[in-house]
Protein chains: 2
Amino acid sequence: MRQNQARRMALLDAAIDVLAREGARGLTFRAVDAQAGVPGGTTSNYFANRDDLLTQAGTRIYEHMQPDVATMAKSLEGPRDRERVTGLMHDLVERIGAYSVGYLALLELRLEATRRPALRAVLTEQVKANVDANVEYHLGTGLPGDATTVELLYLAMNWLIVERLTLPGVFTEARLRELVDGAVERIVPAG
Amino acid sequence: MRQNQARRMALLDAAIDVLAREGARGLTFRAVDAQAGVPGGTTSNYFANRDDLLTQAGTRIYEHMQPDVATMAKSLEGPRDRERVTGLMHDLVERIGAYSVGYLALLELRLEATRRPALRAVLTEQVKANVDANVEYHLGTGLPGDATTVELLYLAMNWLIVERLTLPGVFTEARLRELVDGAVERIVPAG
DNA sequence: AACGTAGTACTACAAATGGAGTGGTGTCAA
DNA sequence: TTGACACCACTCCATTTGTAGTACTACGTT
């Protein structure tokens, strides 16, 4: 088992690309080798088995999904009203759209989690932590609404992103923006 | 190419099971043979290639996903208020939970659609038709709200179901019911 | 500066797996 | 008798895996 952390991370990032492109079942050691541009057999040296690779990829994705520092800082300025929430939601959709590979990989992992208890446990923790962090952030910064508000936005925005990434022909981009606006208007109380 | 329609449908239903259990990439002709309990090679005789099998499975799922006649009839009685919508949403979540195999297969197909234009076209049509039908039904029966109402409910309910089926540890069943109630309360105007 | 060692990169091999497609034979019904 | 289908068997092909073996690099020691 190799210990070179930089290479291990590079392999995990390659694994995420493979997940998005080929699906969970297409995530073979050799495919990761090819994607990472390393000699065949390398991934075998870094991960004990597919379960190992999948769970580590699951945690790795969340490291990339966090909003960057600038976004977080920006969101601390100005009034804490509904318009602010609308802005945050548009940013969210944009940000995830820009990292669509990660989001698609995460969907693949969710489906794979129905078959792999170890992966399911890891993802459950990550998602729970993510939802809780969103709730705490929202309430902590004084944005309008309660925990249910945040969770309902979470639900609506997630499927909106799924729709946008997997079947972009169902809703136009303009309609999707209207739906983001509409979701905030109806779910978030006027602050 | 065989013409026996009963057997073709049985193979498609087996394909849906395989999709949910093994993922899109696991949908091989031989796996369908095994799932359907027919001799190896049979599926090869009924479908020209994997693309053919996947797209036909995509249309087949929607035949199973329609609410049954009793449900539709029941929903035409009584007042057209917000409580009625709440009931419909709980029914929806229940109904899809009971056919989780179909829903998971559909998710697999969505992801596969990012790689297969033919499948994407088929699914886009199906989903569009489904959303439109929901909107028309809602407005047509005089339930409160507009098209945006229906589409926001569609978004929230879909991800709620994803959460429930793929990572059931994130939200408790009780919390999920509260979220259904909360979604209707906030998204649907008091009728 | 030379040496030894540990960890890593790379190559190559051998084996196993599993799936696709097809030809042939049996069966049933019109 | 004929045509369509069910079933079976076989071959070919592509892919993956794990690991053994070799080469390289960095670093600490003498």
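Side-chain proximity of Gln3(A) to dG21(C), dT8(C), dG18(D): nearest is dT8(C). Considering only side-chain atoms of Arg2(B), the nucleotide from dC5(D), dC8(D), dA9(C) that sits closest is dC5(D). Set against dC10(C), dT16(D), dA20(C), the side chain of Thr28(A) has dT16(D) as its closest nucleotide.
Between the base of dA20(C) and the side chain of Arg30(B) there is a donor-acceptor pair shorter than 3.5 Å.
Straight-line distance from the CZ atom of Phe29(A) to the P atom of dT16(D): 12 Å, rounded to whole Å. For the pair Met1(A) CE and dA6(C) C1', the computed distance is 18 Å after rounding to whole Å. For the pair Phe47(B) CZ and dG21(C) P, the computed distance is 14 Å after rounding to whole Å. Atom CZ of Arg50(A) is separated from atom C1' of dT15(D) by 13 Å (rounded to the nearest Å). Atom C1' of nucleotide dT15(D) and atom CD of Glu22(A) are separated by 13 Å, given to the nearest angstrom. Atom pair Asp33(A):CG and dC10(C):C1' shows a separation of 11 Å (rounding to whole Å applied). Rounding to whole angstrom units, CZ of residue Arg25(A) and P of dT15(D) are separated by 15 Å. Whole-Å rounding puts the Asn49(A) CG to dT19(D) P distance at 12 Å.
Judged purely by distance below 3.5 Å, without hydrogens or angles, the side chains of Gln3(A) and Arg8(A) never pair a donor atom with an acceptor atom. One side chain, Thr149(B) or Asp146(B), offers a donor N or O that lies under 3.5 Å from an acceptor on the other. A donor-acceptor contact under 3.5 angstrom links the side chains of Arg175(B) and Thr148(A), judged on distance only.
Phosphate proximity of dA9(C) to Asn4(A): present, with a side-chain N or O under 4.0 Å from OP1 or OP2. Between Arg7(A) and the phosphate of dC10(C), there is a side-chain N or O to OP1/OP2 separation shorter than 4.0 Å. For the pair Tyr46(B) and dG21(C), the criterion of a side-chain N or O lying under 4.0 Å from OP1 or OP2 is not met.
By the 4.5 Å heavy-atom criterion applied to side chains, Asn134(A) and Asn130(A) are counted as neighbours.
Closest approach of Met1(B) to Tyr46(B), counting heavy atoms only: SD-O, 3.2 Å.
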